[in-house]
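Order of appearance sets the numbers: ligands from 1, and atoms from 1 within every ligand. Residues take their numbers from the sequence shown, with the count starting at 1.
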Amino acid sequence: MVLDNLKQGLRATLKKLVGASSIDENIIKELARDVQRSLLQADVNVRLVLELTNRLQERALKEQPPPGLSRKDHIVKILYEELSRLLGGGDEVGLALRKDKSNIVLMVGIEGSGKTSATAKLAKWLLKHGYSVGVIGTDTYRPAALEQLRTLCRRINVEVYGDEKSKDPVQIALKGMEYFTGARKKDVILIDTAGRHKEEKGLLEEMRLMYNAVRPDLVLLVIDGTIGQQAYAQADAFHKNVPVGGIIVTKLDGSAKGGGALSATAATGARIMFISTGERIDDLEQFSPTRFVGRLLGMGDIKALLEMAKQLEQEADEVKIRRIMSGKMTIEDFYYQIEQVGKMGSLRALFEHIPGVAGMVRDEDVDVMEEKMNRWRYMIQSMSKEERANPDIINASRIRRIARGSGTSERDVKEMLTQYKRSKDMMKAMKGRQMMGFLKRLGFGKE
Ligand code: GDP
Ligand code: MG
């Protein structure tokens, strides 16, 4: 499998974490050290490694897991997020192909990086995704280059345009583009190029000439994954000469340095669009940092974990309800209830949802109540944190201040406090699952 060493290292680390009896600072530091070691062994740049592990450590120590999510799961989630970020973050990005024209894709990269193979693999991938494809071979340096491309493409029934006699790559490309018009028009035209120059400058110069003549819709840079973090300099150099729209990292099968190549490439800000993981024509896959890390960590179910985390965050609301139900309602909880009612639209709408009540409440009453609720909102906003948490401390002078702050009268404030107490007592009396379900149906506890 891809990046076997890194995978094994990270999985062993995870196992240690999951097996730990409790999570403390030492465990977190050890985790950071283990991750560090694994990444460095995969040739990830030292600075990137340190950045990652510092963040990992800090977040693991400081961030509170959402209520209900275990500390361990939370740390796994952080590790997952930080590793994804190292690889560019997010899901895969598409090729952004246009429907109304032939999309010209220029394949660039140094000799031996896997361009020709990647061109054929990408052609197959595009076919599989419903696009018609034409390929142009412009490597005029290696005599066998065109034959290699033709052989690969014959197997997938993709037509190749080339010219053995020409020594002018740009002319071949332009003629090829002409060739794939009319009846031979294709959705995508892939242009394979030469990467003959060991000496970089000559190659980059040639790329620029080709780029200016062809004006491709997309430049894909092919990088050999076995070069590890040197990929940074290479990607950077190419990008400075032609706008690289995406990167294909090859030979990730059996490369101990793949992690370095992927992270270094991502660090240039360019998107890794595909990775190649073998010599077969199907060994090309779209690259998604999050999915890749999920696989690396051996967590097919990392998605399930993340979903659970999200759900738990939402359930925090239900914890609130449970507190309200148990009679420990704070003013904040009270406010929360008012807010929830506000979110539902109007009181009128609320009453219409309560069986037996609909039709019994007069419109004028509803208006009065809505006004009152608005006033309460202002009052609560005028309270200090302490006052909200512990309404018993609200004495006469505090009542005066709250009334002034909210533009209401002292009588209003007193009334609200009485209402709050009554509401609290009522909740206490009505605790039980039935009431919970009822509240939920009314929209409490949902976002
Ligand atoms: P080019 O010079 O950039 O066109 O590179 P080629 O496409 O000719 O590939 C150079 C060599 O690398 C060939 O022997 C390919 O079979 C091999 N190769 C390309 N991609 C991969 C890959 O993902 N995995 C492995 N193991 N070999 C690859
Ligand atoms: Mg080639």
Side-chain angles (χ1 to χ4, degrees), residues 1-7 42-43 105-126 133 135-156 158 160-164 166-167 169-170 172-173 176 189-200 202-204 206-207 210 214 219-228 230-231 234-235 237-238 242 244 246-262 265 272-287 292 295:
M1 207 317 269
V2 188
L3 310 192
D4 264 332
N5 293 332
L6 182 58
K7 191 178 72 184
D43 199 41
V105 178
L106 187 64
M107 309 288 288
V108 303
I110 67 166
E111 179 176 34
S113 59
K115 274 185 310 303
T116 302
S117 319
T119 302
K121 287 170 182 166
L122 184 58
K124 171 78 190 286
W125 187 92
L126 287 163
V133 188
V135 169
I136 305 174
T138 70
D139 185 348
T140 54
Y141 301 105
R142 255 191 341 120
L146 192 57
E147 197 39 47
Q148 180 198 3
L149 188 61
R150 286 211 158 108
T151 307
L152 291 170
C153 288
R154 200 173 297 128
R155 279 186 229 147
I156 51 172
V158 166
V160 175
Y161 177 87
D163 183 354
E164 278 87 351
S166 171
K167 284 283 162 214
V170 171
I172 298 174
I189 298 170
L190 304 176
I191 305 178
D192 185 23
T193 61
R196 162 201 61 129
H197 298 270
K198 286 281 179 225
E199 180 239 334
E200 212 171 59
L203 172 61
L204 292 172
E206 208 171 283
M207 283 308 100
M210 180 67 94
V214 164
V219 177
L220 287 179
L221 171 61
V222 180
I223 287 188
D224 182 336
T226 62
I227 67 171
Q230 288 174 39
Q234 207 176 95
F238 269 93
V242 290
V244 173
I247 292 185
I248 302 179
V249 181
T250 64
K251 306 185 198 176
L252 283 177
D253 50 318
S255 161
K257 295 183 170 182
L262 291 172
T265 304
I272 302 169
M273 284 188 175
F274 293 91
I275 55 175
S276 164
T277 55
E279 295 194 75
R280 290 175 312 123
I281 194 113
D282 286 309
D283 292 334
L284 182 83
E285 55 181 275
Q286 236 182 332
F287 183 74
F292 190 78
R295 247 169 53 197

Looking only at protein heavy atoms, which one is nearest to [atom], and how far off is it?
atom	result
atom 24 (N) of ligand 1	D253 OD1, 2.9 Å
atom 27 (N) of ligand 1	E279 CG, 3.2 Å
atom 12 (O) of ligand 1	K251 CE, 3.4 Å
atom 23 (O) of ligand 1	S276 OG, 2.5 Å
atom 2 (O) of ligand 1	G112 N, 2.7 Å
atom 5 (O) of ligand 1	G114 N, 3.0 Å
atom 20 (N) of ligand 1	K121 NZ, 3.6 Å
atom 3 (O) of ligand 1	K115 N, 2.7 Å

| query | Distance from L220 atom CG to L122 atom CG, nearest 0.5 Å? | reply |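 Taking CG in L220 and CG in L122, the distance rounds to 6.5 Å.
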| field | Qualifying residue, where the test is side chain to side chain contact (heavy atoms under 4.5 Å, CB included) with L190 and the options are V160, V105, V158 | value |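 With L190 as partner, V160, V105, V158 yield a single side chain to side chain contact (heavy atoms under 4.5 Å, CB included), made by V105.
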| query | When L262 is tested against each of D43, I223, V249 for side chain to side chain contact (heavy atoms under 4.5 Å, CB included), which residue passes? | reply |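 Testing L262 for a side chain to side chain contact (heavy atoms under 4.5 Å, CB included) against D43, I223, V249 leaves exactly one candidate, V249.
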| Side chain, backbone, both or neither: which part of M107 comes within less than 4.0 Å of ligand 1 when only heavy atoms are counted? |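 The answer is neither.
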Say whether [X] and ligand 1 are in contact under the criterion: heavy-atom distance to a ligand atom below 4.0 Å.
X	value
S113	yes
G109	no
D283	no

| request: Check whether any side-chain N or O of S113 sits under 3.5 Å from a backbone N or O of G109 as a donor-acceptor pair, and report yes or no. | output: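 No, the answer is negative, given that no donor and acceptor are paired below the 3.5 Å cut-off.
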| Is there a donor-acceptor pair under 3.5 Å between the side chain of T138 and the backbone N or O of D192? |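 Confirmed, T138 side chain pairs with D192 backbone.
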| Is the Mg ion (ligand 2) under 2.8 Å from any N, O or S atom of Q148? |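 Looking at Q148, which is the residue asked about, there is no N, O or S atom under 2.8 Å from the Mg ion (ligand 2).
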| request: For side chain to side chain donor-acceptor pair (under 3.5 Å), just list the numbers for T277 and D253, CA-CA rounded to whole Å, side-chain angles, deciding distance to a tenth of an Å, and then say yes or no. | output: CA-CA 5 Å; T277 55; D253 50 318; over 6 Å; no
| said: If you define the side chain from C-beta out and look only at heavy atoms, does anything of M210 sit under 4.5 Å from P169? | reply: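 M210 reaches P169 side chain to side chain.
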| said: Which label fits W125 and F274: parallel for a plane angle under 30°, tilted from 30 to 60°, or perpendicular past 60°? | reply: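 Judged by the thresholds at 30° and 60°, the geometry between W125 and F274 is perpendicular.
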| Pair K251 + D224: basic N to acidic O under 4.0 Å |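 Looking at K251 and D224, the cut-off is met.
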Under a 4.0 angstrom heavy-atom cut-off, which atoms of ligand 1 come close to [X]?
X	value
S117	6 (P), 7 (O), 9 (O), 15 (C), 19 (C)
I110	3 (O)
T116	1 (P), 4 (O), 7 (O)

